[in-house]
Amino acid sequence: MSLEWVLLGLRILATVILYTFLGVAFYIIWRELKQLERRITPPAPTSYQLRVVAAADPSLPVGETLPLQPVTVLGRSAENTIVVEDDSAAAAHARLRRENGVWWLEDLGSRSGTLLNDSPLSKPTILSEGDIIGIGSLRFKLESSR
């Protein structure tokens, strides 16, 4: 009878050790998944805007901020996202687009061209925060609105 109690005690001990091992293993896996989820979860999206830093256009006073859409078209036409009333601006002058978290600027074939940091833009170019975009006499600064 005492051998049966020893075997029963060993079975219970083995079961407790097994369930403790499984519990610890599942806890470690759960903790690692939570840490991975925190690393993978993208930060809250930052919205961007254009701040008018130079203008001869009374409808866009210096200091005004203009929110950007994922695709923002600037030009004289009323159909554009941002309408600029500058005689040297084309109907659809330039396009800003956000692709995979990166802003791109592209001239849409305007005669007077688009400037990026006072240099003529010849092809779609990646923007950085603080870049200055020039259309005619207007100058816009790309800023985040965190």
Side-chain angles (χ1 to χ4, degrees), residues 7-146:
L7 289 176
L8 179 63
L10 288 174
R11 286 182 186 159
I12 291 172
L13 181 62
T15 304
V16 168
I17 291 172
L18 176 64
Y19 280 108
T20 303
F21 172 76
L22 290 174
V24 169
F26 283 124
Y27 172 74
I28 291 171
I29 291 169
W30 174 79
R31 188 182 63 199
E32 292 294 320
L33 286 174
K34 285 295 183 186
Q35 287 177 353
L36 183 62
E37 181 182 24
R38 272 186 246 126
R39 279 186 269 164
I40 291 176
T41 304
T46 303
S47 58
Y48 283 83
Q49 63 192 12
L50 291 179
R51 180 175 302 277
V52 180
V53 292
D57 179 0
S59 67
L60 292 173
V62 172
E64 182 174 350
T65 58
L66 309 162
L68 292 176
Q69 302 298 318
V71 175
T72 301
V73 179
L74 295 95
R76 278 196 334 248
S77 173
E79 292 139 12
N80 292 316
T81 316
I82 298 175
V83 177
V84 295
E85 296 177 16
D86 188 297
D87 293 336
S88 59
H93 195 96
R95 177 185 306 126
L96 286 109
R97 64 185 159 80
R98 188 164 188 181
E99 201 172 286
N100 298 324
V102 176
W103 282 101
W104 291 81
L105 175 64
E106 134 183 52
D107 184 74
L108 298 176
S110 64
R111 273 188 260 144
S112 60
T114 302
L115 301 177
L116 177 58
N117 299 322
D118 292 325
S119 297
L121 193 67
S122 59
K123 61 182 181 181
T125 304
I126 293 176
L127 293 174
S128 298
E129 190 170 347
D131 280 346
I132 304 293
I133 299 164
I135 296 176
S137 63
L138 294 163
R139 297 293 180 270
F140 302 97
K141 182 178 184 179
L142 179 67
E143 298 178 340
S144 65
S145 55
R146 297 173 200 201

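One finds the CG atom of Leu13 at 9.5 Å from the OG1 atom of Thr20 (value rounded to the nearest 0.5 Å). The CH2 atom of Trp30 sits 10.0 Å away from atom CD of Gln35, with the distance rounded to the nearest 0.5 Å. In this structure, CZ on Phe140 lies 11.0 Å from OG1 on Thr72, to the nearest 0.5 angstrom. The distance from the CD1 atom of Ile28 to the CG atom of Leu33 is 12.0 Å, given to the nearest 0.5 Å.
In this structure, Arg139 and Leu115 have side chains that are in contact, with non-hydrogen atoms separated by less than 4.5 Å. Side-chain contact between Phe21 and Val16 is absent, with no heavy-atom pair separated by less than 4.5 Å. You'll find the side chain of Arg51 reaches within 4.5 Å of the side chain of Gln49, heavy atoms only. Side-chain contact between Leu108 and Val73 is present, with at least one heavy-atom pair separated by less than 4.5 Å. Contact annotation: the side chain of Leu127 approaches that of Leu96 to within less than 4.5 Å [non-hydrogen atoms, C-beta and beyond]. Contact annotation: the side chain of Leu105 never approaches that of Arg97 to less than 4.5 Å [non-hydrogen atoms, C-beta and beyond].
Side-chain atoms of Arg76 never come within 3.5 Å of backbone atoms of Glu85 as a donor-acceptor pair (strictly under, hydrogens ignored). Without hydrogens or angle criteria, Glu143 side chain to Tyr48 main chain gives no donor-acceptor distance under 3.5 Å. Panel note: side chain Thr125, backbone Lys123; a donor-acceptor pair is recorded below 3.5 Å. Judged by distance alone, with hydrogens and angles left aside, the side-chain atoms of Asp131 form no donor-acceptor pair with the main-chain N or O of Leu142 at under 3.5 Å.
No hydrogens or angles considered: nothing links the side chains of Gln69 and Thr81 as a donor-acceptor pair under 3.5 Å. In this model, a donor atom of one side chain and an acceptor atom of the other lie less than 3.5 Å apart for Asp86 and Ser88.
Of the listed residues (Ile133, Leu138, Leu50), just one forms a side chain to side chain contact (heavy atoms under 4.5 Å, CB included) with Leu74, and that residue is Leu50.
Ala89 approaches Ile135 most closely through the heavy-atom pair CB-CG2, 3.9 Å.
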Checklist entry - Is there a side chain to side chain contact (heavy atoms under 4.5 Å, CB included) between Asp118 and Ile132 once you walk through the steps? => result CA-CA 8 Å; Asp118 292 325; Ile132 304 293; 5.6 Å; no

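Among pairs with a residue in residues 102-113, those fulfilling side-chain hydrogen bond (donor to acceptor under 3.5 Å, both in side chains) read His93-Ser110, Arg95-Glu106, Asp107-Ser110, Asp107-Thr114, at least two apart in sequence or across chains.
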